[in-house]
Amino acid sequence: MTLSCCSADDSDAEPLHSVDDADARGDLSGGDRTDRAPLVDPDVLHDLEDQLDSAAAARAFVRDYVAVWDERELRLSSAVARQNQAASLDAVLSLKITSTMVGATQLVALARGLEKLLREGSLDEAAAVLPHLHRCGLRTMRELTVMHLQKN
């Protein structure tokens, strides 16, 4: 199954494969996708509000998630550049878990693919995915800011 790293309005989007349990290789190279996943799933954000029993608490969590994006991305890219598999896995797992909590569906898919590559020891392949992660991350942070933090 493929997944574009970018929203539909991005003409320079490079489609990526998401990795699910059935994908034995974790290939993140290209392909077309007709059922594009959204950058952010609003239902997950609503569920977060329900779980926290507070829209304000959910907004605070999303605000913190957006605020630490640069640090989180730097932590991952630095660990991959140092060829530190353990630190890279720690960073990508943190990204995957927090992205899941805010409904950042495309980032979750990229993180899953990176996790698979890292577990296989394919740090050079993981490094090649980081520019896609960067672009997708910026678009996701923008969408979270607009759709969740700036509403009302």
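Hydrogens, waters and symmetry mates play no part in the numbers below; they use all other heavy atoms, side chains included.
Of all non-hydrogen atoms in Pro131 and Ala128, the two that sit nearest each other are CD-O, 3.4 Å. Closest non-hydrogen pair, Ala126 versus Leu114, comes out as O-CD2, 3.5 Å. Across all non-hydrogen atoms, the minimal contact from Leu110 to His132 is CD1-O, 4.2 Å. Counting all heavy atoms, side chain and backbone alike, Cys136 lies closest to Leu39 at SG-CD2, 4.0 Å. Shortest non-hydrogen contact noted between Ala87 and Arg82 is CB-NH2, 3.9 Å.
A chain of hydrophobic side-chain contacts below 4.5 Å, direct or via other Ile, Leu, Val, Met, Phe, Trp or Tyr residues, connects Leu89 to Ile97. Leu130 and Met141 end up in the same hydrophobic cluster when Ile, Leu, Val, Met, Phe, Trp and Tyr side chains are linked at under 4.5 Å.
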Decide yes or no on side chain to side chain contact (heavy atoms under 4.5 Å, CB included) for Val102 and Leu107, but give the supporting numbers first.
CA-CA 10 Å; Val102 300; Leu107 278 176; over 6 Å; no

Decide yes or no on side chain to side chain contact (heavy atoms under 4.5 Å, CB included) for Leu45 and Leu144, but give the supporting numbers first.
CA-CA 10 Å; Leu45 291 171; Leu144 281 167; 4.2 Å; yes

Could you go through the side chain to side chain contact (heavy atoms under 4.5 Å, CB included) check for Arg72 and Leu76 one step at a time?
CA-CA 6 Å; Arg72 186 173 278 128; Leu76 175 59; over 6 Å; no

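Distance CG/Leu95 to CG/Leu133: 6.0 Å, rounded to 0.5 Å. Interatomic distance, Thr98 OG1 to Leu93 CG, rounded to the nearest 0.5 Å: 10.5 Å. Here NZ of Lys96 is found 14.0 Å from CE of Met101. Values are rounded to the nearest 0.5 Å. Distance check, rounded to the nearest 0.5 Å: CG of Leu74 to OG of Ser78 gives 4.0 Å. Put simply, CG on Leu117 and CZ on Arg112 are 14.5 Å apart, with the number rounded to the nearest 0.5 Å. Expressed to the nearest 0.5 Å, how far CG of Asp43 lies from CG of Leu48 amounts to 12.5 Å.
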For a quick test of your reading: what N or O donor-acceptor pairs under 3.5 Å do the side chains of residues 54-69 make, sequence neighbours left out?
residue, atom, partner, partner atom, Å
Ser54, OG, Ala56, N, 3.3
Ser54, OG, Ala57, N, 3.0
Tyr65, OH, Ser99, OG, 2.6
Trp69, NE1, Glu73, OE1, 3.4

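Residues Gln106 and Val40 fail the side-chain proximity criterion, which asks for heavy atoms closer than 4.5 Å. Annotation: side chain of Arg135 is in contact with side chain of Arg139 (closest heavy-atom distance under 4.5 Å).
A donor-acceptor pair is defined here as one N or O able to donate and one able to accept, closer than 3.5 Å; no such pair exists between the side chain of Ser94 and the backbone of Asp90. Counting only distance, with no hydrogens or angles, the side chain of Thr105 and the backbone of Asp41 share no donor-acceptor pair below 3.5 Å. Looking only at distances, no side-chain donor or acceptor of Ser122 sits under 3.5 Å from a matching main-chain atom of Leu118. Between the side chain of Gln85 and the backbone N or O of Leu123 there is no donor-acceptor pair closer than 3.5 Å.
Salt bridge Arg119/Glu115: present, at least one basic N to carboxylate O contact under 4.0 Å. Salt-bridge formation is detected for the pair Glu120/Lys116: a Lys NZ or Arg NE/NH1/NH2 atom is positioned less than 4.0 Å from an Asp or Glu carboxylate oxygen.
With sequence neighbours left out, Pro42 forms a side-chain contact (heavy atoms from CB on, under 4.5 Å) with His46, Met147.
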